[in-house]
Every structure is written in structure tokens, then in C-alpha cells.
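In what follows, a single structure is set out as C-alpha cells and then discussed.
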Amino acid sequence: MYKRELRLVSENLYEIEKKGSMNVPGRIYANDNILRSIDINVLSQIENVASLPGIISYSLAMPDAHWGYGFPIGGVAAFPFPDGIISPGGIGYDINCGVRLMKTGITYREVQKKIRPLTDKLFQNIPLGLGQGAIYRPDKAELSKILSRGAQYIVEKGFGDKEDLQRCDSNGCIPEADAEAVSDRAKERGLGQLGSLGAGNHFIEIDVVEEIFDEHFTREAGIFKGELFLMIHSGSRGLGHQITTDWISILMKEIRKKDIFLRDRQLVYTEANTEAGKRYFSAMNAGANFAFANRQLMSHKIRTMFTQYLSNQARVELICDCCHNIAMKESINGKNIIVHRKGATRADPKEKTIYGNKSFSSPVIVPGSMGSGFHLLSPEEKCADTFFSLPHGAGRLLGRKQACRKFKENDIKKELMNKGIYVKNYSSEGVSEEAPGAYKGLEDVVETVTKVGLARSILRGRPVGNIKG
DNA sequence: ATGTGC
């Protein structure tokens, strides 16, 4: 569509040349289908991010990129540390939104007839929907521990095991977190939402392993074709949202005092080594820890529920937990940097996770829309080109309101049921906003990154049951 | 994404 502005670098990789106030070129990963569907706003957002001070190498967009607050969702941008910037817009309101993948040890065939009651049971046991409930209600002192220690604290409380932490990004805890940098209002919202799914694109899905591409991995991990899998997509709920709201307002006030030109106010940033920068970073990490704790509580609840309901046949084990809305301190070529990933997943082939008796490059889960399941990817060397990042999903094609107008809840549920996917939802928007037609194709996203050599697919799953807020 | 608003 916008081929004139994009220069083909190599198959499925395009560049927006550096012009005007841009400090670096932009780069976007896309196959032909994705390229046709690129939103013009995403291109300008890539350019806006490229104009931020100190940005290293490229302003990047993954194939699932779509329009977001300041930065595109599906955007990756790195800045030097300590002499560089950090920007809430490059992280997203839902701090440490992420996806968790679990195996169950049971075959789909065994429980085929129970998928509907199983999905309903998930729906009854997991608090979901806007502003709704919690699995565990901590007191204020406990919440502080959760903000500083994340899933590690939750596992110590008995909700999970050591292996859960080993297979979780950052072992379920970002150390540089400070509960003191989180407002009372944010904490208040968090107290009642620990262990809850939320709304929007958040979901829990029951999937079946449909195709295996890397038998070496699956053999060691004990995964088999036809195995029932579970996927949880959720984040830091109202707490993370409030942290972002608070800090955007603080940083906006600060930046107004300075003589700084912003192409877009939503790109508001602070220098990472200032008092504000350090406090924002620790508040953001506190939000990230809350999200780890949140996903851990839900998976533990599901684990006990599954073993009870299926009379101990099930063994629910974590495969991976991938953050996709976070900025992390990392190093590249011996230099310290802060990588912003907003709707993008960290993917470093050198980072290992143990499955069975062997260690493998930590895998990355890429879910599609409600109708399409997921791919489990293994990062490859080429990820050095993306600051070690991969896409986080299929990526929206239509805005929420647009999707709501176009798709009706009952039509979509019927369509999905015909494809063998049972959906249990809290609100009608939960289905119409998230209709498969509102998303890009998962296979296009996966094809883009595999052809470029950023990753290869380990396995593919197809959905059979889904709960939504 | 979100008790959806400066």
C-alpha cells in the first residue's frame, strides 16, 4: 500500500529512510499480506520514535504492529543507559502484559466432550471482566512484597512451584522495583485485582497441539501431538494502568518546563539517570512484578481446578511466560542499553531454559486471534537485528470501535463454534472487539519472522475453548 | 489496556 515510502532491504524487511528530525531510519518486518494492511499511522509513529534523542540503530516495528499511544504496538526501540531516555509510551499502559503457556499432560481426545464444562469452569473460577475481582486479597504490607518480588513471593506462599519460576521471563521478578514509587491510588486498585484476567484482548484459552516442527524440543519437554494446552494472556490490571497514568502526568509536567520539541506529546520521556527516571523505572518494574504475580495466581488456580475436575489425570506445567509490554536494561556489544518493547517479546537465542535433561533457547509464544491458536517459536541468531525481539501476537487490523460495529457477538460465537471453538464471555464487546476478522493472520506474522530468520516454529496449537472478559 | 473523561 505504502510501498513508495518503503525501501525493500531484504525479503520481508522494509526501511523508512532517515529524513527530517529522524535520528535513525525506521524498519518494519512484513510479508506481502502484512504490508498491504499496514496502517499509515504506524509509519508516522515509527518516524516519531526514530526522532527521539539517542535512539540506537533503528526504530523497529514487528509484523503485528498497529497504532498505539505514542509508540506503535509492536514497536521496539533502544536507548543508551545511563545516558539515555526512557518513555512510558514505549511500554504501554498495561505494564508487563504477557502470555503464559502451559501443558496439561492430557490428550484432547480424553476430554473432548468435556471442553464446554471445562471452559465454563474456568469462567466460574477466574475473576474476569472490567474491574472484576481477585483470587487472592493481600493486605498492604503483602502488596508491597508482591510489588518488589512478583511471582517469587506468590510461589513462596504456596501458589505454584520452583519450575514455574524457572520457566518465567526474569524468573517472575524484576529486582529493580520500588513499591514506594507506586501511588496509593494505584495500590488501592491493585489490592482487589490480584489474580484476575481483565477485559479487552485478555483471555484464557484451551488449545490442542496440532503440529510439531521440532521433535527434539517436544520430546525433552514431554509434549505430544494432541496434548491439551492452556494459554493465559493478562497483565497488571488497574494497578499498572494507574502507574502509567500517574507517571505520564508527572513526566508531562517536567518536560513542559524544559525546552524540548516533541513530534507527539505522547512520546513524553525522561532521562533514565535522573531522579524521576529512576523512580519511574522502579515503579514500572513494580507494575511488572504485579503482573507476574497475577499470571502466577491464575495458573495455580487453573492447575488445582484441572486436577480436581479431571481426577488427577492432569499435570499442568509451565512452558513459558513471556512479557510483551516492558522496558529492560540489557547490553549489546558491551554497551548498556534500555530496550523498550511494546507489544513485542524478548527473544535471545543465547538465553536458555531447561526442559527435561537439556537446555534450549528460551521459547517465545505468539498467540493469534480467538480463531487461530498459537505458535511456539524458538529465537534465532538474526534476533540481534531486532535488539533480541519477536512479535507478540497477530496484531489488530481494525480498531476496537470499528470491530464492534462490524462484528456481532452471536454471529462470531456461532462461527467459532462451527470451527470447534467454544467461547464463554463476560461482555459482548469481549467477543465483537476481538473477532478473528479484527486481527491480522497469525500465519502471516509467523511466516514473516521465520522467513527472515528471526525464529523458527517449534509447534502450532489450535483453540478449542476460550474465556474472555 | 483501563472504575475508558483536562
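Per chain, numbering begins at 1; letters A, B, ... match sequence-line order.
Regarding Met252(A), its CE atom lies at a distance of 11 Å from the C1' atom of dC6(B), rounded to whole Å. As a whole-Å value, the separation of Phe290(A) CZ from dT2(B) P is 11 Å. Atom P of nucleotide dT4(B) and atom CG of Asp94(A) are separated by 16 Å, given to the nearest angstrom. Summarising the geometry, the separation between CG on Leu130(A) and P on dT4(B) is reported as 8 Å, rounded to the nearest angstrom. Residue Arg400(A) contributes atom CZ, which lies 9 Å from atom P of dT2(B) at whole-angstrom precision. When the P atom of dT2(B) is taken as reference, atom CG of Asn96(A) falls 13 Å away, rounded to whole Å. As a whole-Å value, the separation of Glu188(A) CD from dT2(B) C1' is 17 Å. When the C1' atom of dT2(B) is taken as reference, atom CD1 of Ile73(A) falls 13 Å away, rounded to whole Å.
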TODO: Test Asp39(A) against Asn41(A) for side chain to side chain donor-acceptor pair (under 3.5 Å), laying out the working first.
DONE: CA-CA 5 Å; Asp39(A) 179 355; Asn41(A) 297 313; 3.2 Å; yes

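The backbone N or O of Met231(A) lies less than 3.5 Å from no partner atom in the side chain of His233(A), so there is not a single donor-acceptor pair.
Looking only at atom types and distance, the side chain of Ser457(A) has a donor-acceptor partner in the side chain of His375(A) under 3.5 Å away. Between the side chains of Asn171(A) and Gln152(A), not a single donor N or O lies within less than 3.5 Å of an accepting N or O.
If you check every strand for non-hydrogen atoms under 4.0 Å, Gly200(A) touches sugar and phosphate atoms only. Looking at heavy-atom distances under 4.0 Å, Gly92(A) makes no contact with the nucleic acid at all.
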